[in-house]
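Remember, it's a predicted structure, so these values are computed and weren't measured experimentally. Convention: sequence-line order gives letters A, B, ...; per-chain numbering from 1. Computed from heavy atoms alone, side chains included, the values below leave out hydrogens, waters and symmetry copies.
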Amino acid sequence: MKITDILTELDLKIISGHKGLSNEITGGYVSDLLSDVIGNAKEGQVWITLQTHQNIIAVGSLKDISAIIIVKGFVPETATIEKSNIENIPLLSTELDTFNITGRLFELLQKE
Amino acid sequence: MNFFRADLHIHTVLSPCGDLEMSPVNIVSEATMKGLDIIGITDHNTTRHCELINKLAAEKGIFVMQGAEVTTKEEVHCLAFFENTDALKKFQEFLDHNLPEIMNDPAKFGYQVQVDENDNVVYEEKKLLINAISKSFEETEAFTHSMNGIFIPAHINRKKNSIYSQLGLLPGNLNADALEVSKATTPEQFASIHPEINGFPLIRNSDAHWPGDIGTAFTVFFLKKPSFAEIRLALKGDNGRKIIVE
Ligand SMILES: [Zn+2]
Ligand SMILES: [Zn+2]
């Protein structure tokens with residue numbers, strides 16, 4: 001499954017990083033502590049977080065994350081959006097909270 | 001010039017986690033006993049005890065760096081210090097305005113009281129001070145510097161509420177006047193794992209929450225005399241001023 005395959009199903013808005021939309025999804029990871037993501041996230045996972053700081057792109061790039069979903073309609077900083085376009089890591093937005101978007105993504109990935 | 005002993009990270013009874021014994025009078029007498037020349041007053045998201053401590057400390061010949069330990073939106077703890085009452089007041093307004101309207105439950109989190117020099121309660125902060133403000137790390141840094149303040153990310157070696165725990169790595173464009181490590185490590189030790197901090201002045205403080213903690217970690221400043229301007233020079237290493245962590 002690619003990032004493009006989950007956009008409509010999960011009602012995600014694309015904020016930036018369009019060039020990464022064909023990234024392949026291997027699973028998901030949920031955390032708001034970037035140190036934890038550095039330690040534990042795996043390549044190709046979709047990362048769900050409420051953090052909007054520019055370091056989410058640095059960490060996402062370090063861990064080869066396929067996309068970052070920002071929850072609750074939080075708006076990322078300009079620097080974060082710019083870096084997402086440079087690193088080609090899609091920043092996606094949902095109005096849902098972490099629990100609900102994670103449940104939906106999990107269900108979708110189970111169907112595969 | 002001379003060497004001055006500074007512990008720049010001290011909480012008062014106004015912080016919910018600050019011991020009830022951390023009254024302005026007790027803090028100043030403990031600092032005097034420990035031979036400190038400079039103390040920093042850094043309650044969580046409030047500056048309200050600075051003025052009185054500044055007054056009491058001046059009587060004992062101790063210089064006070066007045067400020068707060070801010071919890072940014074990302075839950076990174078940062079020390080912010082200001083040179084005068086006006087800037088401090090503006091920073092207090094910034095904190096009041098950006099701290100969420102979530103009330104403290106003293107039974108769960110501890111009392112948040114401001115006391116006078118006779119230990120009478122003169123003010124109780126109703127909003128929970130250990131919450132995060134709605135401003136980001138960079139916005140807090142920018143506002144602090146716009147008020148000519150000194151901005152120091154706190155206890156960067158901790159697994160909780162530090163740049164590294166919350167943000168994973170040092171932000172590329174970090175505009176910090178220094179970085180603080182806690183008692184649990186030394187600047188050299190931490191820099192050996194994180195060499196990227198080497199370009200920054202590194203200080204070490206106690207993060208005291210009860211009187212006995214005060215001065216248990218400190219940074220030595222080499223200055224003409226203790227003042228905000230001299231401390232700023234020392235952090236920059238300008239004009240022969242410097243800092244030493246033993
Ligand atoms: Zn702290
Ligand atoms: Zn502290």
Which bit of A:Ile38 is near chain B, if near means a heavy-atom gap under 4.5 Å: side chain, backbone, both or neither? side chain
Verify the neighbour count for atom CZ of A:Phe99: are there more than 12 heavy atoms of other residues, nucleotides or ligands below 6.0 Å? no
Under the rule for ring pair (Phe, Tyr, Trp, His ring centres under 6.0 Å), what residues qualify as partners of B:Phe94, not counting sequence neighbours? B:Phe91, B:Phe143
Taking A:Leu34, A:Leu50, A:Leu62 one by one, which has the highest count of heavy-atom pairs under 4.5 Å against chain B? A:Leu34
Would you say CZ of A:Phe74 has more than 12 non-hydrogen atoms from neighbouring residues, nucleotides or ligands within 6.0 angstrom? yes
Listed partners of B:Lys236 passing salt bridge (charged side-chain N to carboxylate O under 4.0 Å, His left out), at least two apart: none
If a pair satisfies ring-ring contact (aromatic ring centres under 6.0 Å, His included) and one of its residues is in residues 75-96 of chain A, list it, with sequence neighbours excluded. none
Donor-acceptor table for chain B and chain A, threshold 3.5 Å:
residue: B:Lys73; atom: NZ; partner: A:Thr52; partner atom: OG1; Å: 3.3
residue: B:Glu138; atom: OE1; partner: A:His53; partner atom: NE2; Å: 2.8
residue: B:Glu138; atom: OE2; partner: A:His53; partner atom: NE2; Å: 2.9
residue: B:Ser165; atom: O; partner: A:Ser35; partner atom: N; Å: 3.4
residue: B:Ser165; atom: O; partner: A:Ser35; partner atom: OG; Å: 2.7
residue: B:Gln166; atom: O; partner: A:Leu34; partner atom: N; Å: 3.2
residue: B:Leu167; atom: O; partner: A:Asn55; partner atom: ND2; Å: 2.9
residue: B:Leu169; atom: O; partner: A:Asn55; partner atom: ND2; Å: 2.7
residue: B:Asn173; atom: OD1; partner: A:Gln54; partner atom: NE2; Å: 3.3

